[in-house]
Amino acid sequence: MAEDDTNAEEYPTEIRDCLAAFEKSLGSVDEMLKTMMSVSRSELLQKLDPLEQAKLDLVSVYTLNSMFWVYLATQGINPKEHPVKQELERIRTYMNKVKEIADKKKASKLDKGAASRFVKNALWEPKAENERASKTPAKGKKRK
């Protein structure tokens, strides 16, 4: 580590800060990958519903392609001109589709029967005079 500190002093402060942030991010990715790899994929998928399985698969493939993007950049290859860019865009479209499905699932559902009864009872319907008279007996008169 002492050797790394000596080399770090040779870099400008801006680059050193970026490298430190990059190293911290790599550590986070490493920890996350260790967590994901500690459980077998089949065990993990059994615990999830199909929508969650799709989300997990998409996040995994997006992460892998993003890491390849970074690798290309470190090798001096422009990732914007590489097919990985189209792959990332394709994955993003599927992520949007899964998000739409999840949003539809969360949306409140309408009970059509209850709604129609509510509207029907809320609306005033005038009744014919003879219909009203036959249903309610007049005061003071006895029905025969």
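Counting begins at 1 with the first residue of the sequence. These numbers come from a predicted model, not from an experiment.
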**OP:** May I ask you to decide whether Arg92 forms a salt bridge with Glu89, counting only side-chain N to carboxylate O separations under 4.0 Å?
**Re:** no
Subject >> Distance, nearest 0.5 Å, that separates CD of Glu87 from CG of Leu64 >> reply: 9.5 Å
Subject >> Cluster link Leu51 to Leu56, ILVMFWY, side chain under 4.5 Å >> reply: no
Original post:
Going from CG on Asn96 to CD1 on Ile91, what distance comes out if it is rounded to the nearest 0.5 angstrom?
Top reply: 12.0 Å
**OP:** Could you please spell out the steps behind the salt bridge (charged side-chain N to carboxylate O under 4.0 Å, His left out) verdict for Asp49 and Lys55?
**Re:** CA-CA 10 Å; Asp49 65 347; Lys55 286 180 182 180; over 6 Å; no
Original post:
Would a hydrophobic clustering, with Ile, Leu, Val, Met, Phe, Trp and Tyr connected at side-chain separations under 4.5 Å, put Val61 with Val29?
Top reply: no
**OP:** Could you tell me whether Lys97 and Glu100 make a salt bridge, using a distance below 4.0 angstrom between a side-chain N and a carboxylate O?
**Re:** no
Subject >> Selection residues 36-48 - residue pairs positive for salt bridge (charged side-chain N to carboxylate O under 4.0 Å, His left out), sequence neighbours left out >> reply: Arg41-Asp57
Original post:
Could you walk me through whether Val59 and Met95 pass the side chain to side chain contact (heavy atoms under 4.5 Å, CB included) check?
Top reply: CA-CA 8 Å; Val59 166; Met95 290 174 122; 4.3 Å; yes
Original post:
Restricting to pairs with a member in residues 37-84, which pass ring-ring contact (aromatic ring centres under 6.0 Å, His included), not counting sequence neighbours?
Top reply: Phe68-His82
Original post:
Which value, rounded to the nearest 0.5 Å, describes the distance between Glu23 atom CD and Cys18 atom SG?
Top reply: 13.0 Å
Subject >> Non-hydrogen side-chain atoms of Met32 and Thr63 separated by less than 4.5 Å >> reply: no
Subject >> Spatial distance of atom OG (Ser60) from atom CG (Asn65) [nearest 0.5 Å] >> reply: 11.0 Å
**OP:** Find out if a path of hydrophobic residues (ILVMFWY) with successive side-chain heavy-atom gaps under 4.5 Å connects Val84 to Met67.
**Re:** no
**OP:** Flag yes if Val98 and Leu45 sit in one hydrophobic cluster, no otherwise; membership is Ile, Leu, Val, Met, Phe, Trp, Tyr, and two members link when side-chain heavy atoms are under 4.5 Å apart.
**Re:** no
**OP:** Measure the spacing between CD of Gln53 and CG of Leu44 and express it to the nearest 0.5 Å.
**Re:** 8.5 Å
Original post:
Taking atom CG of Leu72 and atom CD of Gln75, what is their separation to the nearest 0.5 Å?
Top reply: 8.0 Å
**OP:** For residues Arg90 and Thr93, report the shortest heavy-atom separation together with the two atoms involved.
**Re:** O-OG1, 2.5 Å
Original post:
Please, which pairs that meet salt bridge (charged side-chain N to carboxylate O under 4.0 Å, His left out) have at least one residue in residues 74-84, sequence neighbours excluded?
Top reply: none
